[in-house]
Student: 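Sharing a structure below in structure tokens format, with a few things to ask.
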Amino acid sequence: MNYYFCDIRPDHLSIDEAYDFILDDSCGGMCLFIGTVRNVNKGEAVTHLDFETYKPMAIKELAKICVKAKSLFSLEKIAILHREGHVGIREKAVVIAVSSMHRDDAFRACRFAIDELKETVPIWKKEFLEDGSYWVGARP
Amino acid sequence: MEIKCFGIAKDITNQSKIICADESISTVKDLRKWINSTYAEFNNLAQYMIAVNQEYGMEDQEIKAIDEIAIIPPVSGG
């Protein structure tokens, strides 16, 4: 079985699915990061988000993050799940799970993975406010 | 050459893919010039990348009509 699992889903992300994938007899440290949609950004009320993805390239870039994380940290398994399409307040936009023998590498690899994802993976967030919408980070 | 558009690039061009018929374009840099002159609004973006066959392209990288090309505006996943 591969040590990483990446996917982009149009519906609910399962924490259990990510956790079950990373669970390993040799590991004592499991780190989970969950990015959820909040109802406010820069003081304005947010109604929901819409994620567009360049799916085949995004999956490849997610896999690269897993490979890089494995080369930098002592991790056993890693799973990254991301949503696409309409995502409501309190819903999970991203789930990252990492298992390691000890906690330090699990924490560090998980942090690395979400930071890299935000820099490199071709996924775009459109934020919907009560009076309009805009692509996050597109303009200087 | 077909160019896929995502995010704000789709809004600017009003299409999910655009066609570039300029046969003098042979590198990513050439294509960027063509995009910026055809759709001036791209000059106002934070920046954007061009993907070639689902990998980030280098400016001097050669491109051909059969390649899968995409405009990658600033990403904002997570």
Side-chain angles (χ1 to χ4, degrees), chain A residues 6-9 13 33-38 41 46 49-65 80-85 87 91-96 110-127 132-140, chain B residues 1-20 27-29 31-59 61-78:
Chain A
C6 306
D7 205 5
I8 293 172
R9 304 269 172 83
L13 299 182
F33 173 79
I34 298 149
T36 57
V37 178
R38 63 176 187 273
N41 191 22
V46 175
L49 302 179
D50 205 299
F51 286 101
E52 182 174 11
T53 74
Y54 181 10
K55 200 165 182 173
M57 181 173 169
I59 301 259
K60 282 188 192 179
E61 290 293 325
L62 289 173
K64 282 185 196 171
I65 291 171
I80 309 179
L81 303 175
H82 202 292
R83 279 287 292 276
E84 62 182 353
V87 188
E91 286 185 55
K92 297 179 286 294
V94 60
V95 173
I96 299 178
C110 200
R111 174 68 191 247
F112 170 81
I114 184 62
D115 289 348
E116 284 283 296
L117 184 155
K118 285 177 171 283
E119 293 290 322
T120 64
V121 181
I123 298 177
W124 299 273
K125 179 188 294 173
K126 195 170 207 178
E127 193 168 274
S133 65
Y134 72 105
W135 291 104
V136 175
R139 292 176 190 279
Chain B
M1 177 179 293
E2 267 190 22
I3 304 149
K4 293 176 189 290
C5 301
F6 296 96
I8 198 165
K10 197 194 267 179
D11 289 0
I12 291 171
T13 62
N14 228 353
Q15 294 172 85
S16 58
K17 70 181 177 203
I18 54 175
I19 307 289
C20 170
T27 65
V28 167
K29 195 194 287 176
L31 181 60
R32 185 184 293 281
K33 277 186 197 157
W34 180 86
I35 292 167
N36 290 353
S37 62
T38 309
Y39 301 93
E41 187 62 19
F42 277 104
N43 295 291
N44 299 327
L45 291 194
Q47 36 82 13
Y48 66 89
M49 299 291 287
I50 291 172
V52 182
N53 299 323
Q54 302 176 4
E55 301 279 349
Y56 286 107
M58 309 295 280
E59 289 300 296
Q61 190 171 334
E62 287 190 21
I63 49 176
K64 299 182 193 70
I66 53 158
D67 289 328
E68 182 175 318
I69 308 286
I71 299 172
I72 310 288
V75 302
S76 51

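Lettering follows sequence order; numbering is per chain, from 1.
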Student: Quick one: does any side-chain atom of Arg111(A) pair with a main-chain N or O of Phe33(A) as donor and acceptor, under 3.5 Å?
Tutor: no
Student: Which bit of Phe51(A) comes within less than 4.5 Å of chain B, counting heavy atoms only: side chain, backbone, both or neither?
Tutor: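 Contact with chain B is through the side chain of Phe51(A) alone.
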Student: Would you kindly say whether Asn14(B) and Tyr39(B) are connected by a side-chain donor-acceptor distance under 3.5 Å?
Tutor: no
Student: Name the region of Trp135(A), side chain, backbone, both or neither, that has any atom closer than 4.5 Å to a heavy atom of chain B.
Tutor: side chain
Student: For Lys118(A), which atoms come within 4.5 Å of any heavy atom of chain B: side chain, backbone, both, or neither?
Tutor: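 Both backbone and side chain of Lys118(A) come within 4.5 Å of chain B.
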Student: Rounded to the nearest 0.5 Å, how far apart are CD1 of Ile3(B) and NZ of Lys17(B)?
Tutor: 11.5 Å
Student: Checking Asp50(A) side chain against Lys126(A) main chain: does a donor-acceptor pair fall under 3.5 Å?
Tutor: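 Here the side-chain-to-backbone pair does not exist.
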Student: Heavy-atom distances under 4.5 Å only: say whether Glu61(A) touches chain B with side chain, backbone, both or neither.
Tutor: side chain
Student: Given a strict heavy-atom distance threshold of 4.5 Å, which part of Ala138(A) is in contact with chain B: side chain, backbone, both, or neither?
Tutor: both
Student: Please check: side-chain N/O of Glu52(A) versus main-chain N/O of Gly7(B), any donor-acceptor pairing under 3.5 Å?
Tutor: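 Checked: pair present.
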Student: With a 4.5 angstrom heavy-atom cut-off, which part of Val121(A) approaches chain B: side chain, backbone, both or neither?
Tutor: backbone
Student: Could you tell me which portion of Asn53(B) (side chain, backbone, both or neither) has an atom closer than 4.5 angstrom to a non-hydrogen atom of chain A?
Tutor: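 The backbone, not the side chain.
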Student: Tell me if a side-chain donor or acceptor on Tyr56(B) pairs with a main-chain N or O of Thr120(A) at a distance below 3.5 Å.
Tutor: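 Yes, Tyr56(B) side chain to Thr120(A) backbone: donor-acceptor pair under 3.5 Å.
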